[in-house]
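Input: a single structure, listed below in structure tokens.
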Amino acid sequence: MLIQFTIENHRSIKDTAVISFAASKDKSLESCLLHPDEKKSLLPALALYGANAAGKSNVLHALMTMKDMVIGDTAKISKGQKLPFEPFGNTTAPTSFEIVFMYRGIRYAYGFSFDKEKVHNEYLYHWPNGREALIFSRENGKYEFRENVNEQITLSNRTPENKLYLVSSNDWNLPQTENAYKWFLEKLTFFMEQAPASSETVAHIVSGDDKKARILKELLIADLGISDVTVKKTNGNAPVIITTHRVEGEDGSVSYFQLLMEQESAGTQRFFSRIGGWLQALENGSLLVVDEIEDSLHPLLTRRLIEMIQDGSINSKGAQLLFTTHDAMLLDLSFLRRDQIWFAEKNERSCATEIYSLSTFSPRKGENIRKGYLQGRFGAIPFIGGDGLWQK
């Protein structure tokens, strides 16, 4: 489970920005909270609002870049190749990322800083018995280890300056860093920019009756009019997805007709493509990271996807959701807690993105958050027109 993510000097984010899933002392909607241990309460979902170009998607991009440097294409770069360094403006200071998470009951803190040429520092801590313990640290080419020292010195000497030690040590199956690496590998799922592929949904449909029944159940709940879905595999090409619709006549007769998935509405296609990944995340206890969650979806379908994460009877494995949105209908304190609602706003002078939580405003219980947001009370909305008024 994700506890906290910190970013500095990445795209529009200049100064330190922190997104926290740690639950506040707010007593509302306590039944939705996750409890990785007896002392901690974490949020299952976090919504990030902001005007277009305010930088909210850059928060997600930072997390995606971090994953790419650990298990993606950047993790495989050769010595001397450039790193994905995208600093704020013309600054030359390193970009810094840090992530704090729970994996198999143990808390970890992993972070690093880098520029286009090299990794400047890197560190990994864990709390195996409730006490902080260093696994490794790296500062301008100098390493410090507490366990398995001789082997780790050997591995550090094999790590080029443009590669993370977390990556190179796992290339050589070092047990001390394995769990942190696996968290990135197993627990992060991104739905960004382009429409997500429907491969997970297709896999559920073709894998067996139980998983297919779950997909059909969600399609039925979503009221998309789909009674069955079949997948026809083609040699070397994308599978053909066919939906079956049930129609009742005025005389009580029943008939059926079929459509290709590409003939369905954009909203149906989007919900279908996402639902498989959603169910997989719930099954694995993963973190879903979604940009513009409402894209092409009816507000009630968007709400349904979030409800699946918020409902402890459905989300029994501790899955989480981090998403950006413009959907003001979700600004409802009977649906999301104050600490689940966050904002991204671009500073008018510096053009840097600032990140903050609704909790910092201490809104009253029962307050109309949607109205306050649209009136500009919390910032993070576009300034329209020249009459000095925030417009709905």
> Is the shortest distance from a Lys or Arg side-chain nitrogen in K76 or D171 to a carboxylate oxygen in the other one below 4.0 Å?
Replying inline: no
> Is any side-chain heavy atom of L42 less than 4.5 Å from a side-chain heavy atom of L33?
Replying inline: no
> Can you find a heavy atom in the side chain of M1 that is under 4.5 Å from one in the side chain of K40?
Replying inline: no
> Side chain of R337, backbone of S28: donor and acceptor closer than 3.5 Å?
Replying inline: yes
>> Check this for me: K82, atom NZ, are more than 12 non-hydrogen atoms of other residues, nucleotides or ligands nearer than 6.0 Å?
In response: yes
>> Under a 3.5 Å distance rule, please check whether T353 uses its side chain to pair with a backbone N or O of I13 as donor and acceptor.
In response: no
>> Working note: Q263 + Q269, criterion side-chain hydrogen bond (donor to acceptor under 3.5 Å, both in side chains); need CA distance, chi angles, decisive distance, verdict.
In response: CA-CA 9 Å; Q263 294 175 308; Q269 292 183 49; over 6 Å; no
>> Determine whether a donor-acceptor pair (N or O, by modelled atom type, separation under 3.5 Å) exists between the side chain of E354 and the backbone of N347.
In response: no
> With side chains defined as the heavy atoms from C-beta onward, is the minimum distance between V289 and F191 less than 4.5 Å?
Replying inline: no
>> Using 0.5 Å steps for rounding, measure from the CG atom of N368 to the CD atom of Q375.
In response: 8.5 Å
> Taking the side chain from N140 and the backbone from N121, do they hold a donor-acceptor pair closer than 3.5 Å?
Replying inline: no
> Does the side chain of R138 reach to within under 4.5 Å of the side chain of F112, using non-hydrogen atoms?
Replying inline: no
> Donor-acceptor pair, R303 side chain versus H298 backbone, under 3.5 Å?
Replying inline: no
>> Which label fits Y49 and F343: parallel for a plane angle under 30°, tilted from 30 to 60°, or perpendicular past 60°?
In response: tilted
> Judged by atom type as modelled, is there a donor-acceptor pair below 3.5 Å linking the side chain of D115 to the main-chain atoms of K118?
Replying inline: yes
> Does the cation-pi check pass for R11 over F88, that is, NZ or CZ under 6.0 Å from the six-membered ring centre and within 45° of its axis?
Replying inline: no
> With no hydrogens and no angle check, is any side-chain donor or acceptor of S296 less than 3.5 Å from a backbone partner on A266?
Replying inline: no
> In terms of ring plane angle, is the pair H245 and F257 parallel, tilted or perpendicular, where the classes change at 30° and 60°?
Replying inline: parallel
> Any donor-acceptor pair under 3.5 Å linking the side chain of Q320 with the backbone of L2?
Replying inline: yes
> Can you tell if the side chain of Y108 reaches within under 4.5 Å of the side chain of V100, non-hydrogen atoms only?
Replying inline: no
>> Within a 6.0 Å radius of atom CD on E30, are there more than 12 heavy atoms belonging to other residues, nucleotides or ligands?
In response: yes
> Parallel under 30°, tilted from 30 to 60°, perpendicular over 60°: which one fits the rings of Y165 and F136?
Replying inline: perpendicular
>> Parallel, tilted or perpendicular: which one describes the rings of W127 and Y125, with boundaries at 30° and 60°?
In response: tilted
> Are the side chain of T360 and the backbone N or O of S357 linked by a donor-acceptor pair below 3.5 Å?
Replying inline: yes
>> Using a 3.5 Å distance criterion without hydrogens, assess whether the side chain of N162 forms a donor-acceptor pair with backbone atoms of S78.
In response: yes
> With the threshold set at 4.0 Å, does a side-chain nitrogen-carboxylate oxygen contact exist between K142 and E144?
Replying inline: no
> Going by atom types only, do T244 and D228 share a side-chain donor-acceptor pair under 3.5 Å?
Replying inline: no
